[in-house]
2 protein chains.
Amino acid sequence: MKKPKPALSEICRVQVQGVKDTQDLLSGKWKIVIIAALYANGKFRFMDLGRHIEGIAPKVLSKELKDLEMNQLVKRTVLDTMPITVEYELTPQGKSLNKVVDAMAEWGVNYRETVLKR
Amino acid sequence: MKKPKPALSEICRVQVQGVKDTQDLLSGKWKIVIIAALYANGKFRFMDLGRHIEGIAPKVLSKELKDLEMNQLVKRTVLDTMPITVEYELTPQGKSLNKVVDAMAEWGVNYRETVLKR
DNA sequence: ACACCTAGTTACCAAAAGGAAACTACTTAC
DNA sequence: GTAAGTAGTTTCCTTTTGGTAACTAGGTGT
């Protein structure tokens with residue numbers, strides 16, 4: 001696909017880039033769901049989070065959490081308990097996704113009602 | 001991962017399901033970008049949309065548009081011109097994603113500024 | 001000793017996503 | 001007749017994603 005047309009105004013280009021960046025960071029089936037769960041619950045230990053998100057495998061949960069941690073959206077804390085437990089919570093950056101999460105939740109609920117009708 | 005714990009309240013479960021539904025419909029690298037572009041511009045012909053979204057291949061654009069059309073987010077109109085042209089635009093359902101798009105745009109722009117620092 | 005809890009990791013595999021390049025089919029302009 | 005523009009499709013390929021199941025490694029309870 002050739003690209004001879006720089007049409008959209010600069011402001012729009014920046015907006016679209018923002019959307020793209022957000023999408024990149026939240027890519028995949030589970031990241032936004034993990035964030036929504038942490039957002040709703042505050043903190044979670046690894047196993048609890050896994051039990052909570054229906055259908056996710058530990059391998060996948062582990063990998064997604066690593067990605068989120070790397071992008072500074074999630075904080076991982078090892079607690080000095082016996083046996084050791086690990087707590088996951090949103091960073092301020094992660095929490096700042098609240099508008100995105102809320103908008104997606106609202107839209108999804110409405111879509112299910114009006115389009116899927118169930 | 002076993003699932004003996006139905007912890008989150010019903011209201012939260014519904015919210016998380018909403019997020020999941022939204023994520024499913026907008027899955028992949030390009031859908032939300034296409035929507036953002038249509039949202040910013042109103043209408044686009046196939047080639048213009050392709051030229052506009054940097055890096056997308058016609059095959060991929062075609063497939064994504066079909067998905068979006070199937071889910072009633074995008075409307076495809078064949079215009080009786082010579083040569084025929086095809087116009088793509090958001091449906092009301094697609095337009096109702098504005099809060100999601102805006103939130104993602106804002107968050108992404110802010111993330112780039114504060115975390116990536118460029 | 002053995003089962004069970006914690007938090008993961010590893011190996012293996014299938015399906016999906018996505019990119020590159022070529023190609024179709026139709027029309028118009030030169 | 002040939003090039004160029006419309007809107008895609010087809011083929012081939014590689015990478016990524018995500019799932020299952022088994023396994024590691026430390027500690028607790030009986």
Side-chain angles (χ1 to χ4, degrees), chain A residues 1-5 7 19-21 23-35 37-38 41 43-71 74-89, chain B residues 1-5 7 19-21 23-35 37-38 41 43-71 74-89:
Chain A
M1 200 129 265
K2 295 163 272 175
K3 48 149 188 167
K5 221 179 182 181
V19 169
K20 206 180 231 162
D21 287 349
Q23 170 64 16
D24 285 351
L25 261 64
L26 302 181
S27 67
K29 193 172 168 181
W30 296 111
K31 289 196 193 71
I32 192 71
V33 178
I34 292 171
I35 287 171
L38 288 174
N41 210 67
K43 291 177 180 180
F44 264 122
R45 283 177 302 138
F46 184 80
M47 295 296 280
D48 275 349
L49 193 48
R51 277 190 277 264
H52 213 91
I53 298 177
E54 186 168 7
I56 196 167
K59 185 196 84 168
V60 176
L61 179 57
S62 172
K63 187 247 178 191
E64 297 295 62
L65 284 170
K66 268 180 196 159
D67 287 353
L68 292 172
E69 200 191 346
M70 211 166 45
N71 290 324
V74 159
K75 189 179 141 205
R76 177 179 181 275
T77 313
V78 178
L79 299 178
D80 191 16
T81 53
M82 286 301 176
I84 57 154
T85 50
V86 179
E87 232 172 45
Y88 290 93
E89 62 190 308
Chain B
M1 200 130 265
K2 297 164 268 174
K3 50 148 189 169
K5 221 178 182 180
V19 171
K20 206 181 233 163
D21 287 348
Q23 170 64 16
D24 285 351
L25 260 64
L26 302 181
S27 66
K29 193 173 169 182
W30 296 110
K31 288 195 193 72
I32 193 70
V33 179
I34 292 172
I35 287 171
L38 288 174
N41 210 64
K43 291 178 180 180
F44 264 122
R45 283 176 303 137
F46 183 81
M47 296 296 280
D48 274 350
L49 193 47
R51 277 190 277 265
H52 213 92
I53 299 176
E54 187 167 5
I56 197 167
K59 185 197 83 167
V60 176
L61 180 57
S62 172
K63 188 246 178 192
E64 298 296 61
L65 284 170
K66 268 180 197 161
D67 287 353
L68 292 172
E69 201 190 344
M70 211 166 44
N71 290 324
V74 160
K75 188 177 141 204
R76 179 179 180 274
T77 313
V78 179
L79 299 179
D80 191 15
T81 54
M82 285 303 174
I84 56 156
T85 50
V86 178
E87 232 172 45
Y88 290 93
E89 63 190 310

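Owing to the predicted nature of the structure, the values given are computational and were not obtained by experimental measurement. A, B, ... follow the sequence lines: proteins, then strands. Residue 1 opens every chain.
Over its full length, the helix from dA1(C)-dT30(D) to dC30(C)-dG1(D) turns its helical axis through 10°, comparing axes from the five pairs at each end and rounding to 10°.
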Identify all pairs in which a protein N or O lies below 3.5 Å from an N or O of nucleotides 17-24 of chain D, and state each distance.
residue: dG18(D); atom: OP1; partner: K29(A); partner atom: N; Å: 2.6
residue: dG19(D); atom: OP1; partner: K29(A); partner atom: NZ; Å: 2.7
residue: dG19(D); atom: OP2; partner: W30(A); partner atom: NE1; Å: 3.2
residue: dG19(D); atom: N7; partner: K59(A); partner atom: NZ; Å: 3.2
residue: dG19(D); atom: O6; partner: K59(A); partner atom: NZ; Å: 2.3

Any protein N or O atoms within reach of nucleotides 25-30 of chain D? Criterion: under 3.5 Å, listing atom names and distances.
none

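Legend: residues meeting side-chain contact (heavy atoms from CB on, under 4.5 Å) with E89(B), ordered by chain and number and at least two apart, are K43(B), K75(B), T77(B). By the side-chain contact (heavy atoms from CB on, under 4.5 Å) test, Q23(B) pairs with I32(A), M104(A), sequence neighbours left out. Legend: residues meeting side-chain contact (heavy atoms from CB on, under 4.5 Å) with V86(A), ordered by chain and number and at least two apart, are R76(A), V78(A), Y88(A). Checked against side-chain contact (heavy atoms from CB on, under 4.5 Å), T81(B) has the following partners two or more places apart in sequence or in another chain: L79(B), T85(B). Shown here are the side-chain hydrogen bond (donor to acceptor under 3.5 Å, both in side chains) partners of K29(A), two or more places apart in sequence or in another chain: there are none. Scanning for side-chain hydrogen bond (donor to acceptor under 3.5 Å, both in side chains) contacts around K59(B) gives an empty result, with sequence neighbours left out. Scanning for side-chain hydrogen bond (donor to acceptor under 3.5 Å, both in side chains) contacts around D67(B) gives K63(B), with sequence neighbours left out.
At a threshold of 4.5 Å between non-hydrogen side-chain atoms, the residues K20(B) and W30(A) count as touching. L49(B) has its side chain within reach of L65(B): a pair of non-hydrogen atoms, C-beta onward, lies under 4.5 Å apart. Considering only heavy atoms from C-beta on, D48(B) stays 4.5 Å or farther from N41(B) through its side chain. Counting heavy atoms from C-beta outward, I35(A) and L26(A) have side chains that approach closer than 4.5 Å.
Residue D48(B) contributes atom CG, which lies 11 Å from atom C1' of dT6(D) at whole-angstrom precision. Separating the CZ atom of R45(B) from the P atom of dG8(D) is a distance of 12 Å, rounded to the nearest angstrom. Between the P atom of dG18(C) and the CG atom of D24(A) lies a distance of 11 Å, rounded to the nearest Å. dT9(D) atom P lies 10 Å from atom CG of L61(B), rounded to whole Å. To the nearest angstrom, P of dG5(D) lies 19 Å from CG of L49(B). For the pair L65(B) CG and dG8(D) P, the interatomic distance rounds to 8 Å; values are reported in whole Å. dG8(D) atom C1' lies 18 Å from atom CZ of F44(B), rounded to whole Å. Distance L79(A) CG to dG8(C) P: 11 Å, rounded to the nearest Å.
Note on R76(A): a side-chain N or O is less than 4.0 Å away from OP1 or OP2 of dG8(C). In terms of phosphate contacts, R51(B) brings a side-chain nitrogen or oxygen within less than 4.0 Å of OP1 or OP2 of dT6(D). Residue S62(A) places at least one side-chain N or O closer than 4.0 Å to OP1 or OP2 of dT9(C).
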